[in-house]
Each structure stands twice: as C-alpha cells, then as structure tokens.
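See structure below.
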Amino acid sequence: MMPGGQRVWLLTRFEDVREALLHPHLSSDSRNEGFPTPGRTGGPPAQTQIPGWFATLDPPEHDRYRKILMQDFTARRMKELRPRIQKVVEDCVESLAAKGSPADLVADYAVPIPSLVICELLGVPNADRAFFESRVSVLVTLSATDEERDQATTELLRYLGRMVTIKRHRPGDDLISTMLAAGELAPMEVGGAALLLLIAGQETTANNIALGAVPLMTHPEWIGDPGIVDELLRFYSVADLVPLRVAVADVEIGGQLIRAGEGVAPLVAAANYDDGRFACPHAFDPSRSAQGHVAFGHGRHKCLGQHLVRVEMELAYRVLFERLPGIRLDCAAEDLRYKDNGVLYGLAELPVRW
C-alpha cells in the first residue's frame, strides 16, 4: 500500500522485477489512471507533469529524448570526461580537508561531487549549486507538501528556462546545448529534461557515495576491488521506489494476473536481495559478480547515467582514502541516521574524523 492508501502490486523476485520493467503493457506514464503516487495528495509529483520529464513517458516519446542524450552518457564518453570528474572530486576532498576534522561526509563531500559534476555537464554555474541542492531536496522528500514541491519545481524550471535561452544564443559543450542542437525538442522540453537530469544526477549519486563510504572505512582494502562499486549499488539499491508502473492492459507476472488500471511497484532492492539470483545477498561481498543487479532499473528506462555514477563513485572513494587514509566514523555505526522520508534511500548525515 502506498503512503496515500493506494493498493498496488509489490514485485520482489528478481525475475519478476526484470520482466515487469521490460513489459510493454506496464506503463511508466504517470498520467495513466491508477499510476502509483507516493507522498502526494493531489496526484503525481508536479515535475512529472511538465514537458521534457521523459522518465515518466513511454515509447516512442521516451525514446525521442534518450536517443538525443545517449551519446553523452556512454562508457566511452565517461572515459573522455574522467579527467574533468576527477578534478571535481579532488577539489571536493581538498575542501573537506581544509574544513578540518570532524566533518559531515554527506554535506561536505558526497553531495558536492555529483552536484558540481551535473552542473558542469549542464553548463550551469557552480555558484548556483546551493540553489539547486536546496530545491532538489524538497522534490525527493516524501514529507514535503504539494505546495512546497510545486514551488521548488517552478523555481527550478524558471532558472533552467533562462539557461535554455542563454544556450540558444551562446551554445557550449554541455547537455542543454546538445539537446537544443538536435532541433527536435521545444525549449520547454529541453528545460524539463534538464531538470530531470539535474535531480537524477545529484541526489541518487550523493546517497550512493555516502552509503558506500561506511563499509569502506572499515575495509579500505576493498577500494581497489573491481567489483566494489557494483556490489555497493546492489547492496544499497537507493532508488527502490523509482520504477513505478501501471498496467494499461491485463498482464500476468509471476503467475499473478495484474488487471488494467492496477499499480505496480517493482522493488529493485528486494530483487537485488533475491537469494535465487545472488548467493547470501545480505552479506556485503565485493568479490561477487553483482553486475546483473537492477539498481539502475532494466530495459528502456534503465538509468541513462549509470556509467557516470560508476565513475563518480569509484573516484570519490579512491581520492578520499588516498588523501585522508585515516578517515573513520565519528559515531557508532548503529547511531547513523538514515533517510526514511524520501523516495531515495540514503544517510541523513555521516559524521567522520581523521
């Protein structure tokens, strides 16, 4: 049952979740009747109703955006961007070191890295990072009111609309310019797509970086393990509630009939803990082959920025532990406060010292 009382189908088995995320009759379009609406009393979150919010569009509309942006998120493109991302990470760790011990690794490190990276990729001035972070935090918090979400969305779209106007006259090497250059999207659609990339590129990665730092502070020898990032992604699965669906025709999944108009919640965290797919899934094991996880989703809507996230996480850990090898928790692990009021799982804060 969703927070608003809506009854939905919960899918927890790995194969059922993968099948649901691939099924053409399970729609991502939040405009369809019966679509699950977590945390909002008046319908879907306002940002999902704006032009360009392609995460909640079905093909062919969804594919129109993805085709334009895909070239900027390939593994090859991330390899080209790696020096720029590393520079951002190095600057963030130096700022952390300069601030001094103790510190909050969430606010002082995990949040700035993806925020600065996505702002750079969108062509947004770094000076406006605090503005974006404050508004995005409202949009991913389930306890925020409808009015607060609407206001945050309006302010972000107004700002991005101005950026689109600027880039139309002075294009650069950034994602907004790329979308404009394709000539297939209206300015409002470019602004909405930029808002989606901003939110997806900031909050999820910040949560992943902070959560992953906890086991690595106890086992820094894992940092160089080639499987560490995917195991962290599987183990924490921060976007469990993101891939919601609604049936637009009768569908059978796992032997159960889901009727048209019924909501579906494919729980990626549960799928990533399915012992039929991962041996001893509750054990954190960077040596396992976790690449088949569904933390990024699956199918057409699989996270566009998955390669970017992996690079950011890998560099965030390597640079942090090289620069501050003595970093450790500044509280008992059981006293850490986790986010329990948002669409995304994460740490509210991460007290550390070195």
Side-chain angles (χ1 to χ4, degrees), residues 75 77-121 124-130 132-133 136-137 201-233 235-236 238 284-287 305-333 335-339 346-354:
R77 179 58 176 157
M78 291 307 109
K79 186 176 180 179
E80 295 171 354
L81 291 173
R82 187 181 180 91
R84 291 166 60 181
I85 299 170
Q86 179 156 343
K87 179 63 166 58
V88 169
V89 174
E90 289 172 347
D91 288 346
C92 288
V93 82
E94 289 304 324
S95 295
L96 175 68
K99 182 173 182 178
S101 175
D104 174 9
L105 205 65
V106 171
D108 298 331
Y109 189 67
V111 169
I113 289 173
S115 183
L116 288 167
V117 169
I118 196 61
C119 281
E120 180 171 339
L121 295 182
V124 171
N126 288 343
D128 296 330
R129 180 172 64 84
F132 284 114
E133 289 173 5
V136 169
S137 68
Q202 177 179 317
E203 188 74 12
T204 54
T205 308
N207 288 345
N208 276 315
I209 290 172
L211 287 165
V214 176
L216 292 179
M217 280 188 278
T218 306
H219 295 278
E221 71 276 7
W222 286 343
I223 295 169
D225 194 303
I228 187 63
V229 168
D230 275 297
E231 176 65 351
L232 288 169
L233 290 164
F235 191 78
Y236 289 112
V238 304
F284 186 86
D285 181 7
S287 67
Q306 59 177 304
H307 300 302
L308 174 61
V309 174
R310 287 188 172 96
V311 172
E312 288 178 296
M313 290 177 68
E314 180 220 323
L315 289 174
Y317 302 134
R318 182 171 60 77
V319 173
L320 176 66
F321 286 92
E322 285 179 357
R323 179 65 176 83
L324 302 173
I327 194 167
R328 61 192 185 279
L329 283 177
D330 194 29
C331 68
D335 292 333
L336 290 172
R337 294 193 305 111
Y338 292 85
K339 297 177 181 178
L347 281 162
E349 59 184 3
L350 181 52
V352 296
R353 66 170 54 247
W354 58 88

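We count residues from 1, following the sequence as given. In this text the structure is predicted, and so the values were computed from the model without any measurement.
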Full working for salt bridge (Lys or Arg N to Asp or Glu O under 4.0 Å) between Glu80 and Arg77: CA-CA 5 Å; Glu80 295 171 354; Arg77 179 58 176 157; 3.0 Å; yes
Contact summary for Leu350 and Val106, nearest pair of heavy atoms: N-CG2, 3.6 Å
Nearest atoms (heavy-atom pairs only) where Cys119 meets Phe132: SG-CD1, 4.1 Å
Arg82 and Gln86: side chain donor to acceptor below 3.5 Å: no
Set of side-chain hydrogen bond (donor to acceptor under 3.5 Å, both in side chains) partners for Asn208, sequence neighbours left out: none
Separation between CZ of Arg328 and CH2 of Trp354, rounded to the nearest 0.5 Å: 10.5 Å
Separation of His307 NE2 from Arg310 CZ (nearest 0.5 Å): 6.5 Å
Partner residues of Arg129 under the side-chain hydrogen bond (donor to acceptor under 3.5 Å, both in side chains) criterion, sequence neighbours left out: Glu133
Test applied, side-chain contact (heavy atoms from CB on, under 4.5 Å); reference residue, Asp230; option that passes from Leu232, Ile228, Leu233: Leu233
Gap between atom CD1 of Ile113 and atom SG of Cys92 - 0.5 Å precision: 5.0 Å
Residue list, salt bridge (Lys or Arg N to Asp or Glu O under 4.0 Å) with Asp330, at least two apart or on another chain: Arg353
Distance, nearest 0.5 Å, that separates CZ of Arg337 from CG of Leu347: 9.5 Å
pair Leu116-Asp91: side-chain heavy atoms closer than 4.5 Å: no
Ion pair check, Lys339 and Glu349, cut-off under 4.0 Å: no
Val311 side chain reached by Leu315 side chain, heavy atoms, under 4.5 Å: yes
With sequence neighbours excluded, residues passing side-chain hydrogen bond (donor to acceptor under 3.5 Å, both in side chains) with Thr205: none
Met313 and Val309, any side-chain heavy atoms less than 4.5 Å apart: yes
Lys79: side-chain hydrogen bond (donor to acceptor under 3.5 Å, both in side chains) partners, not counting sequence neighbours: none
Under 3.5 Å: donor-acceptor pair, side chain of Gln202, backbone of Pro114: no
Ring pair (Phe, Tyr, Trp, His ring centres under 6.0 Å) involving Phe321 - partner list, sequence neighbours excluded: none
Rounded distance [0.5 Å steps], CE in Met78 versus CD1 in Ile85: 6.0 Å
Residue pair Leu105 / Ile327, side-chain heavy-atom distance below 4.5 Å: yes
Test side chain to side chain contact (heavy atoms under 4.5 Å, CB included) applied to Cys331 and Leu336, step by step: CA-CA 7 Å; Cys331 68; Leu336 290 172; 3.6 Å; yes
Side chain proximity check, Leu81 to Leu121, heavy atoms < 4.5 angstrom: yes
Results of ring pair (Phe, Tyr, Trp, His ring centres under 6.0 Å) for Tyr109 - residues two or more places apart only: none
Residues which pass side-chain contact (heavy atoms from CB on, under 4.5 Å) with Ala127, listed by chain and number, not counting sequence neighbours: none
Side-chain (Tyr317) to main-chain (Ile209) donor-acceptor, under 3.5 angstrom: yes
Glu94: partners by salt bridge (Lys or Arg N to Asp or Glu O under 4.0 Å), with sequence neighbours left out: Arg323
Check: Ser115 side chain, Val111 main-chain N or O, donor-acceptor pair, under 3.5 Å: no
For Asp104, all residues meeting salt bridge (Lys or Arg N to Asp or Glu O under 4.0 Å), sequence neighbours excluded: none
Would you give me the side-chain donor-acceptor pairs under 3.5 Å for residues 214-226, sequence neighbours excluded?
| residue | atom | partner | partner atom | Å |
| --- | --- | --- | --- | --- |
| His219 | ND1 | Glu221 | OE2 | 3.1 |
| Asp225 | OD1 | Gly227 | N | 2.9 |

Pairing residues for Asp128 by the salt bridge (Lys or Arg N to Asp or Glu O under 4.0 Å) criterion, not counting sequence neighbours: none
